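Taking it in order: structure first as structure tokens, then the write-up.
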Amino acid sequence: MESGSLLSNIAILVLAGFVGFAVISKVPNTLHTPLMSGTNAIHGIVLLGGLIVLGRLENPSVVDMIILVIAIAFGTINVIGGFLVTDRMLGMFKSKPQVPAQQKDGDA
């Protein structure tokens, strides 16, 4: 790999980080849950890609396999955590069951 290619890849990674931060910081609270669901779908695609790459590598080195397994594990944690957070946020908007007036006063 050329050093110029590595430098351009690092520059793209840094710029993508800045653009991602700028976009996410401007998202209003009302759009957070739909955005989180979309992010979970993207991470699911990343997991599928990691599994396909792991299955299709011919003569993979131990380092390649370790990096792929770690990436798949972190992706799985991210997807599950994202769905748990989304479920918890949606639970905040559910109406609470009404307690009858007799039970509120302690007269059972």
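Residues take their numbers from the sequence shown, with the count starting at 1. Bear in mind that the values here come from a model prediction, so they are computed numbers and not experimental data.
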- request: Enter the distance from L57:CG to I52:CD1 here, rounded to the nearest 0.5 Å.
  value: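 Spacing of CG (L57) from CD1 (I52) equals 12.0 Å.
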Enumerate, atom names and distances included, each donor-acceptor pair closer than 3.5 Å involving a side-chain atom of residues 59-80, sequence neighbours excluded.
from	atom 1	to	atom 2	distance (Å)
S61	OG	D64	N	3.2
S61	OG	D64	OD2	3.3
T76	OG1	I72	O	2.8
N78	ND2	H43	NE2	3.2

- prompt: Are L47 and F83 connected in a single hydrophobic cluster, I mean Ile/Leu/Val/Met/Phe/Trp/Tyr linked by side-chain heavy atoms less than 4.5 Å apart?
  reply: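 In one cluster with F83: L47, yes.
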